Number of protein chains: 2
Amino acid sequence: MMLDSETKAVEQPEDHADELRLWLRLLTCTTLIEGEVRTRLRARFDVTLPRFDLMAQLDKAPDGMTLSDVSKRMMVSNGNVTGLVERLVESGHLDRRTSATDRRVQVIRLTKLGRAEFRKMAAEHETWIADMFSELTPKDVRELMRLLAKTKASAQNSAKRRSG
Amino acid sequence: MMLDSETKAVEQPEDHADELRLWLRLLTCTTLIEGEVRTRLRARFDVTLPRFDLMAQLDKAPDGMTLSDVSKRMMVSNGNVTGLVERLVESGHLDRRTSATDRRVQVIRLTKLGRAEFRKMAAEHETWIADMFSELTPKDVRELMRLLAKTKASAQNSAKRRSG
DNA sequence: CTTAAACATTTTAGGCTTAAAATAATTTTG
DNA sequence: CAAAATTATTTTAAGCCTAAAATGTTTAAG
């Protein structure tokens, strides 16, 4: 027999406390690590996290990226990228040019200076991350990777359901 | 016999690619979910995520909280809280008063309006989160909780090591 | 008691961020 | 081909956020 409290047809508040707690814990971990990275980048290299993130994207793309590419990869708004790039061009870390084949498109690249500075920062950054995860076993790392991949897919599908 | 490439005494770049990938995946998940929550809060209730987060803290504290408490709990800077609170007092969602026993301290609470509006939003918010995690099994959820708890502790210890 | 230290908050300066509207260029379509 | 739709980027307005300095208050130490 099915109790009323177990009936799905009767639209009633279900208990999602576990998922909520999980989300808060995920957010806490990210905020904690992100804040730490932010502080260390500023103290050690006088650079902001968004600038570092943008340079990280470009380091993986020797032929440059369009602003749209960057915006999608970094999951930030277009307008945000415009401002970030402006400041990094100004400081000599980025080179920006209009595409030869499509005058709407701006292609940005790391300059020699930008690449050199990024590589130095990235090497140290990697050790910070390693240190922050150092209490996890290799198995923990694998397992987290797997579960977060599943989480990502689940969230993406949910977003798709909403936006159509 | 120990090859030179396996020697630890010789300070050389170790491979932390896995931890780095893990961190990027963690960040991606959080950014994805956070962005989705942000969009839905705005579309459905015309409210920002930081305002929602602040109200969530206060909802759990019927007797109110000091600005410092809020700052610590939300893991944001003091100055940030000042501005957020200002706007929420202005809109009638928060009540702010100076502590009777310590004139440095500001105690903030949800107003009746603030509480009512928050409860409505929170109920819906919970279903969004549940939906975004809906492809995880109960076991996945438990396992993620465990691994994130471990991650949090590891990151906190790393931060402590740095700051002394 | 009085000075110094600690604490809570606000202010400041600069940068980041978003959503939405505007601009400009290209592609598609009737 | 001309109009319409799409695409890439920038601009705008408002708000978020941090680090560091400043302000005002309380507590601790001499």
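Proteins get letters first, then strands, A, B, ... in listed order; numbering begins at 1 in each. From a predicted model like this one, the values you see are computed outputs, not experimental measurements.
If you check residues 23-57 of chain A against DNA chain D, the residues with a heavy atom closer than 4.0 Å are A:T39, A:R42, listed by number. Looking at residues 92-105 of chain B, you'll see B:D102, B:R103, B:R104 sit with a heavy atom under 4.0 Å from some atom of DNA chain D. Residues from residues 72-80 of chain B lying near DNA chain D, meaning a heavy-atom separation below 4.0 Å, are B:M75, B:V76, B:S77, B:G79, B:N80 in numerical order.
Within the 4.0 angstrom heavy-atom criterion, only backbone atoms of the sugar-phosphate kind lie near B:S68; the bases stay farther away. Counting non-hydrogen atoms under 4.0 angstrom, A:T66 reaches the backbone sugars and phosphates but no base.
Under 4.0 Å is where a charged nitrogen must lie from a carboxylate oxygen, and between B:E135 and A:K150 no such pair does. Using a 4.0 Å cut-off between charged nitrogen and carboxylate oxygen, A:E36 and A:R40 count as a salt-bridge pair. In this structure, A:R51 does not pair ionically with A:D53, as no charged nitrogen and carboxylate oxygen lie closer than 4.0 Å.
Of the residues listed (A:L144, A:T28, A:T30, A:L24), the one engaging B:L148 in a side-chain contact (heavy atoms from CB on, under 4.5 Å) is A:L144, and it is the only one.
For the side-chain contact (heavy atoms from CB on, under 4.5 Å) test, residues two or more places apart in sequence or in another chain that qualify with B:R146 are A:D140, B:E143.
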*asked:* Checking B:H125 against A:L20 for the side-chain contact (heavy atoms from CB on, under 4.5 Å) test, could you report, in this order, the C-alpha distance in whole Å, the side-chain angles of both residues, the deciding distance, and whether it holds?
replied: CA-CA 9 Å; B:H125 172 263; A:L20 201 52; 3.7 Å; yes
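Pairing each heavy atom of A:W23 with each of B:I129, the nearest pair is CD1-CD1, 3.5 Å.
Between chain B and DNA chain D, the heavy-atom contact criterion of under 4.0 Å yields a 5' to 3' nucleotide range of D:dG15 to D:dT26. The span of DNA chain C lying next to chain A, judged by atoms under 4.0 Å from heavy atoms, is bounded 5' to 3' by C:dG15 to C:dT26.
The closest donor-acceptor contact from the side chain of A:S134 to the backbone of A:D131 lies under 3.5 Å. Between the side chain of B:T111 and the backbone N or O of B:G92 there is at least one donor-acceptor pair closer than 3.5 Å. Remark: the backbone N or O of B:M132 is paired with a side-chain donor or acceptor of A:S154 at under 3.5 angstrom. At least one donor-acceptor pair under 3.5 Å links the side chain of A:R109 to the backbone N or O of A:D63.
Side-chain contact check for A:F133 versus A:I33: some heavy-atom pair is nearer than 4.5 Å.
When only modelled atom types and interatomic distance are considered, B:T66 and B:S68 share no side-chain donor-acceptor pair under 3.5 Å.
Taking the six-membered ring wherever Trp is involved, the centroid distance between the rings of A:F52 and A:F45 does not fall below 6.0 Å.
Mapping B:L84 and A:V81 onto DNA chain D by nearest heavy atom places A:V81 at the nucleotide closer to the 5' end.
Of the inter-residue distances, the one linking A:T39 atom OG1 with A:R44 atom CZ reads 14.5 Å to the nearest 0.5 angstrom.
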